[in-house]
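Within every chain, numbering begins at 1; the chains are lettered A, B, ... in the order of the sequence lines, protein sequences first and strands thereafter.
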Amino acid sequence: MLKLFRYLRPHWVAAVLAPLLMLLEVAMDLLQPVFMARIIDEGVMQNDTTRILHTGLLMLGCAGVGLLGGLGCTVYSSIASQRFGADLRRDLFRKVQTLSFRNLDELSTGSLITRLTNDIVQLQTMVQMLLRIFVRSPLLAIGSMIMAVIISPKLAGILALAVPLLFIVMFLLIRATLPLFSKVQNKLDKVNTVLKENFAGIRVSKAFVRAGYEKRRFHEANADFTDASVKTQRLVALNMPILTMILNVSIVAVLWFGGKNAIDGSFEVGSLVAFINYVTQVLFAVSSVAMMLVRISTAKVSADRIQEVMNTQPDIVSPSAPVKQVEPHGEVVFDQVSFAYRADSGKPVLQDIQFRAQPGQKIAIMGATGSGKSSLVALLPRLYDVSAGSVRIDGVDVREYDLAALRERIGIVLQETILFTGTIRDNIRYGKPDASDEEVVAAAKAAQAHDFIAAMPDGYDTVLGQRGVNLSGGQKQRISIARALLVRPSILILDDSTSALDMSTESRLQQELSRLMSGRTCFMIAQRVSSVIDADKILVMDDGRIVAEGTHTELLASCELYRDIYQSQYGKEVSAHG
Amino acid sequence: MARTDQERSAQDGSEQGGSEQERTQRSDHAPDLSMRGGRPTHGMTVAKSKPKNTFGTIRRIWSYIRPYRAGMAAVFLFTLVSTVLSLIAPYLLGSAVDDYIIPGDYKGLAGLCAVLLSVYAGTALFAWLQQHVMVKVSQLSIQDMRRDIFARLQLLPLRFFDSKTHGELMSRTTNDIENVSGTLNQSVTQLIASILSLIGSLGIMLYLNLWLTLLSMVTIPLVMLFTKTVAGRTRKYFSKQQANLGELNGFIEETVSGQKVVQIYRRERHAGEQFDAYNKKLTEASIQAQIYAGTVGPVMNVLNNVSFALIAAVGGYMAFQDWTTVGIVVAFLNYSKQFQRPLNDLANQFNLVQSAVAGAERVFEIMDTESEYENEEPMQDAGRLRGEVVFDRVSFSYKEDVTVLNDVSLTASPGQTIALVGPTGAGKTTIINLLTRFYEIDSGSITLDGMDIRLLDKDSLRRKLGIVLQEAYVFSASIRENIRYGRTDATDEEIEVAAKLANAHDFIMKLPEGYDTMLVSGGSNLSQGQRQLLTIARAVLADPVILILDEATSSIDTRTEMHIQSAMRTLMQGRTSFVIAHRLSTIREADEILVMHQGGIAERGSHEQLLAKRGFYYDLYNSQFKLPG
């Protein structure tokens, strides 16, 4: 956590001024009871009205100075903490931008978002409190103790007993509650899971008339959660009463011993009252310090999570001396390629992949889910790096190209369509922000997206909601294909990106693609035989290996797996004739 | 503490709710007992979400507390006792000075100390008892409330779920309810205690000394003036900060979710620039908001100090003039604190209660939404059916004016397979939604064995239908339980038989724990094909008269698809089946093909008949299935 504090360094003036100004406020607060004691002991008891008046004015003056300190602290702590958070957030975001796909998989998107949002806010809040109350309470506690010792070293002995006792009790309570919190959290997660499942699966639960069953399931989670909450909160409820009890017993002790001394004349009444005031302050401050420890421990979790991202090394970076741009033809060679998502575990996703795509060819890849199709194409733009062997484009290993230049040449449409908030136009020209409107329309037309876009009231200026929520799956796919086509890559990869299109749309798209991509290499992962039928080469994959390659007719004759696939889609008789 | 932690998690990932962020700590300087991640803000910055019908809503909340009213009465009693005791203590302190210390009465002092000790002990004891009971009362009432909203959700029509995002629904069922729970647990009793101690300390102060009482109140107009001026501004800046934070978080969420695309298109730098702009805007706004909010602590502090100084000085002077005693001044120093603290807190607590009432209102709003079973006559049970389905001139629209089905008629005889084909958006799924009565038709009629389905009990109707949806939804339970979903009273043997029929048995047995394998929510530890097989097993187990299959399996590889297909074929035997068909083989085997186009049935007939027609189907078939060469 300390490492992250270096983000305070650029704002050190504010970060130093804030606690100093707080010190001023605390000092002024601490003076109040002494002055009050003076009013009683030197003014009232000794019949000195000017003393009363002067001291009163002095108290008001101190309060005013304290106000300045307090306000100053607020201003500087706000500046320091907010800027700290902003800088940290910026760097974390920049870091995320550099992460490789593998890093992203490992850290998981959801968790990265939480880190960038909640965790940063946590830390920011912590820093702000650190500069305000985290300074104030200990200062107040220490200051009050000093004042107490000055007033009466003997009575201060009571504090010497009470303060450690308070710490121990708080510590024990916090230690007992923390594990309960995470238990409550788990139970709550269960409640939320049932809820979420019922929102997502509402059709299923209705179709099977399972309301009763779901209610029972929810009731279990609900009751468990309630039990855990009651238990935890009851423990928490012990906190305040015990705390105030210790405080009040100390006050009674002070009153008794101090009162005795006041009666026998060794102690003054005003000092006694002031002492009681200090005791109250010490104990409240101490208990708030204990609470801060809890806060710090939660902030530490956030800090660790941020640190983890900061320390992640992007495992795919541009080479320090990239090859000069080679004349781009689009020849692709996979040479003895093996690949595993994690270096340490399990069996490789791809093994011994060996094939060659001539410039301008259309290569189709078929195979079962999990057979390694997506992994294979992901190696081309270096979304992942091979574990062994090499992938070469125009004779050069992809790892030797400048990363940005490599990716610029390759257009890839991912299986999962991702669109961004903004207009359809902006989404299509995402890869080439300076594209003209004509280019956008041409790309959309080729991707068979123009018609439905034009039919929308705002056409290309239609604003998409987050992740394109107002479009159908097929529409989203077509926009993301248009986005890739606009870049006019020399190698185009479609990773099962036409699955949601109906077949007539798809076949029109295929025709456009053949036209547009003539002379360019095109990789196409597909499930439907109709999508791959005109490919120059079809790779049939099974379990991470290429089990057959050839054209449709060749494979139909030679590859049983391919025949199976074909028959599953067209039935036996057709294939017999076809 | 627990509550606040839960709140945070409930929002995890989803929108940063204003209510949490703006929820407050009591004061900058009091120990912060919450573990809230929000900013340390102050009294008057609580989000103002005003309930529409406060009184009615409170009465309704009360109906949840009613079953525990004995506990609630105890809580009131305990609060009363502990507040009264806490009011006595400063009086005793003052009297210690006046009656025993100054006169020099050891014995009296000892006695008073004993009384004071027991008063303090009583305060602590009753404060604890109050919390101890209140925790249970509030948690149990909230448990009931959660139960009721869930039960209601089960009854609501699909239309309702279509109109709300999951995030919105989650927020109502978690955040809003937690909000009510937290407020019940703490704010309500605090509010009572605040009011009691306000009245009590005022009473005692007046009893002790009128002039000192007035003096203690000198700062109150200042507090109010300050509160008024700062509150408005703070709220303004806070909502600006919230809005900016929302924008930034939205941007982060979208960018990071789409990180892979950002990188593929090399837009990292651009994203960074956009981020900086949002980040800068947020920082400027939040510095302002934090500064304004932060002034409350020091200003309240100084006003307390001023009040303290005035009482000490003027009180001292009055004691000197013998208009009052030192002990009373000492008591006043304490009472004025006891008087001011609740005053500062009241506004805050009131706002918390108000926002909880508003939250409860949103919860009740769901509970009041008309269920799909409402306004129905006592229904006829579907009884034994043969499975004849007739749509007679059915029209339907999801939204007004946007007709989805127009005048559709069709007949399915028992045991027939009807294939629905056509482009996306032609209304195929709608036919299914109407048959299940997920939605109600606008005009025409749908009959089952001659009975209008609107006259049938919805649940008994749905029990006769077996539905396999395109998105194979599984629940976080064991595989066995997921299959049993089809029929709750099925034995383990029956489940296995169903799984075998659905071609699911083999892969299940290969899993380490077989049928007891736990699925994670959404079933991501199974492939989509495997999930689809499970849902088919579910439908097999349900043994429906009429089967509805949405066969789109675009993301399933074709070999798995073959398994699914043969499983489906088994399932379809002897049942009236509606299939949204994508595969040629299904289409060819269907007894009747309905070609849907623009909300109507464009053509109907068998495969051969339709091909011979050389119409819409012929084109569709050629573009989709005809192979070159």
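- Residue A:Leu180: no heavy atom, backbone or side chain, is found under 4.5 Å from chain B.
- Residue contact with chain B, scored on non-hydrogen atoms closer than 4.5 Å, involves the side chain of A:Leu414 exclusively.
- Scanning all heavy atoms of the two residues, the minimum distance from A:Lys206 to B:Leu155 falls at NZ-C, 3.9 Å.
- For A:Leu53, no part sits under 4.5 Å from any heavy atom of chain B, backbone or side chain.
- Heavy-atom distances place the side chain of A:Val269, and not its backbone, under 4.5 Å from chain B.
- Looking at B:Gln259, its side chain never comes within 3.5 Å of a backbone N or O of A:Leu104 through a donor-acceptor pair.
- For chain A, the nearby part of B:Phe438 is the side chain; its heavy atoms alone come within less than 4.5 Å.
- In this model, no donor atom of one side chain and acceptor atom of the other lie less than 3.5 Å apart for B:Asn279 and A:Arg90.
- With a 4.5 Å cut-off on non-hydrogen atoms, B:Arg269 does not touch chain A at all.
- Between the side chain of B:Arg267 and the backbone N or O of A:Tyr430, at least one donor-acceptor pair lies under 3.5 Å.
- If you measure heavy-atom distances from A:Ile52 to chain B, the contacts under 4.5 Å come from both the backbone and the side chain.
- Contacts of B:Ala289 with chain A are absent, with no heavy-atom separation under 4.5 Å from either backbone or side chain.
- Residues passing the side chain to side chain donor-acceptor pair (under 3.5 Å) test with A:Glu214, sequence neighbours excluded: A:Asn198, A:Arg217, B:Tyr485.
- The part of A:Tyr213 that comes within reach of chain B is its side chain, from C-beta onward, which places non-hydrogen atoms under 4.5 angstrom from that chain.
- Residue contact with chain B, scored on non-hydrogen atoms closer than 4.5 Å, involves the backbone and the side chain of A:Val252 alike.
- For the residue pair A:Gln82/B:Glu284, the side-chain donor-acceptor check at 3.5 Å is not satisfied.
- Residue A:Leu255 touches chain B through both its backbone and its side chain, counting heavy-atom pairs closer than 4.5 Å.
- Not counting sequence neighbours, B:Tyr120 has no partner by the ring pair (Phe, Tyr, Trp, His ring centres under 6.0 Å) test.
- Contact record, A:Gly56 with B:Ala309: O-CB, 4.3 Å, taken as the closest heavy-atom pair.
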Q.
Applying side-chain contact (heavy atoms from CB on, under 4.5 Å) to B:Phe150 and A:Asn222, what does each step give before you reach the verdict?
A. CA-CA 10 Å; B:Phe150 187 82; A:Asn222 193 8; over 6 Å; no
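- Heavy-atom distances place no part of B:Ile142 under 4.5 Å from chain A, backbone and side chain included.
- For A:Ile242, no part sits under 4.5 Å from any heavy atom of chain B, backbone or side chain.
- Across all their heavy atoms, A:Thr74 and B:Gln290 have their closest contact at CG2-O, 4.0 Å.
- If you measure heavy-atom distances from A:Leu272 to chain B, the contacts under 4.5 Å come from the side chain alone.
- Proximity to chain B (any heavy atom under 4.5 Å) is shown, for A:Leu60, by both the backbone and the side chain.
- Of the two parts of A:Ser480, only the backbone, made up of N, CA, C and O, holds a non-hydrogen atom closer than 4.5 Å to a non-hydrogen atom of chain B.
- The contact between B:Leu112 and chain A is made entirely by side chain atoms (from C-beta outward), counting heavy-atom distances below 4.5 Å.
- At a 4.5 Å heavy-atom cutoff, the contact between B:Val97 and chain A is made by side-chain atoms alone.
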